[in-house]
Amino acid sequence: MAQDFKKLMANVCSLINLDPASAVIEGAPFYVNDVMFTLIFDEAVDARRIFLFARFGDLPPVNGGAVLAALLRNNHLGFLGDGPGFSISPTTGKVTYCRHLFLEKTDARQFADLLVYLAGKANEWRETFFLETAAAKAMPRHQPMLTAHRTLN
């Protein structure tokens, strides 16, 4: 399985112009469209799965409760039956998205497309924090929610 992983990742790195592939294979962080990713593949833990982590970024200094609620909503709506996608890293405090892929069911194009898609979602989150209410969309990016409600009335 380790050889299958190395071959897959060499092909993925070729598709998205990441060099050297050996660093990615060994677990070094890498960037796609300004978003940091990390892969973990360890046959001793699970020889069938690749764990993919995407760093979405910092929680905003205000509206943290609304942002966390939006992340929980996304965890619920995007639940794949194998755990939540979003979490707060206990070591960095950053919002992180994690998912796993089955090695035998993943091809290089599919994996590369997923990286680009998640990078787009991370960049979207950095702008909107996935806040979808009209009040949230109308307010300045870091304006407290309470103040925004007062100005909208």
Side-chain angles (χ1 to χ4, degrees), residues 1-134 136-137 139-142:
M1 289 295 204
Q3 284 307 111
D4 293 338
F5 172 72
K6 289 177 183 177
K7 182 179 175 184
L8 172 67
M9 294 319 304
N11 290 334
V12 169
C13 289
S14 175
L15 285 170
I16 57 176
N17 299 318
L18 283 176
D19 189 43
S22 59
V24 173
I25 291 167
E26 294 300 319
F30 60 95
Y31 289 82
V32 175
N33 298 335
D34 298 322
V35 176
M36 188 177 88
F37 290 89
T38 308
L39 297 172
I40 297 175
F41 176 75
D42 186 341
E43 286 184 299
V45 174
D46 191 331
R48 298 173 38 226
R49 296 179 204 230
I50 304 165
F51 294 90
L52 171 65
F53 298 87
R55 181 181 284 181
F56 272 53
D58 294 310
L59 283 172
V62 297
N63 295 337
V67 171
L68 289 172
L71 290 174
L72 285 173
R73 184 171 48 259
N74 275 278
N75 274 348
H76 174 72
L77 296 175
F79 185 69
L80 301 172
D82 52 8
F86 289 102
S87 64
I88 308 292
S89 169
T91 54
T92 66
K94 307 270 186 207
V95 173
T96 303
Y97 180 81
C98 175
R99 72 178 292 176
H100 72 263
L101 301 113
F102 287 100
L103 182 57
E104 69 274 7
K105 294 180 181 179
T106 305
D107 67 33
R109 171 57 63 193
Q110 178 186 32
F111 201 109
D113 288 347
L114 176 63
L115 292 171
V116 171
Y117 172 78
L118 289 174
K121 293 310 269 183
N123 284 315
E124 175 189 339
W125 183 83
R126 292 171 184 173
E127 292 297 317
T128 68
F129 302 110
F130 296 159
L131 296 175
E132 298 171 347
T133 65
K137 287 181 179 179
M139 66 187 216
R141 184 171 175 191
H142 295 297

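Values below: all heavy atoms of this structure, side chains included; hydrogens, waters and symmetry mates excluded.
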Could you pull out every donor-acceptor pair under 3.5 Å between side chains of residues 100-118 and any protein atom, sequence neighbours left out?
{"unit_1": "His100", "atom_1": "ND1", "unit_2": "Asp82", "atom_2": "OD2", "d": "3.4"}
{"unit_1": "His100", "atom_1": "NE2", "unit_2": "Arg49", "atom_2": "NH1", "d": "2.8"}
{"unit_1": "His100", "atom_1": "NE2", "unit_2": "Asp82", "atom_2": "OD2", "d": "3.3"}
{"unit_1": "Thr106", "atom_1": "OG1", "unit_2": "Phe102", "atom_2": "O", "d": "2.8"}
{"unit_1": "Asp107", "atom_1": "OD1", "unit_2": "Arg109", "atom_2": "N", "d": "3.2"}
{"unit_1": "Asp107", "atom_1": "OD1", "unit_2": "Gln110", "atom_2": "N", "d": "2.7"}
{"unit_1": "Gln110", "atom_1": "OE1", "unit_2": "Asp107", "atom_2": "N", "d": "3.3"}

Quiz prompt | Test side-chain contact (heavy atoms from CB on, under 4.5 Å) applied to Lys7 and Asp4, step by step | solution = CA-CA 5 Å; Lys7 182 179 175 184; Asp4 293 338; 5.8 Å; no
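- Using cut-offs of 30° and 60° on the angle between ring planes, the pair Phe37 and Phe30 is parallel.
- Note that CZ of Phe130 and CZ of Arg73 are 10.5 Å apart. Values are rounded to the nearest 0.5 Å.
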Practice problem: In sequence, state the C-alpha distance, the side-chain angles, and the governing distance for Trp125 and Val67, and then conclude on side-chain contact (heavy atoms from CB on, under 4.5 Å). | Solution: CA-CA 10 Å; Trp125 183 83; Val67 171; 3.9 Å; yes
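- Shown are Phe53, Tyr97, Phe129; of these, the ring-ring contact (aromatic ring centres under 6.0 Å, His included) with Phe86 is made only by Tyr97.
- Here the CG atom belonging to Asn123 is positioned 11.0 Å from the NZ atom belonging to Lys121, to the nearest 0.5 angstrom.
- Leu8 CG to Leu39 CG: the interatomic distance, rounded to the nearest 0.5 Å, is 9.0 Å.
- Counting only residues at least two apart or on different chains, no side chain to side chain donor-acceptor pair (under 3.5 Å) pair has a member in residues 18-43.
- One distance of note links CG of Asp58 with OG1 of Thr92; it measures 8.0 Å at 0.5 Å rounding.
- Expressed to the nearest 0.5 Å, how far CD1 of Ile40 lies from CD1 of Ile50 amounts to 12.0 Å.
- Between the side chain of Arg126 and the main chain of Phe56, a donor-acceptor pair closer than 3.5 Å is present.
- Val35 approaches Ala122 most closely through the heavy-atom pair CG2-CB, 3.7 Å.
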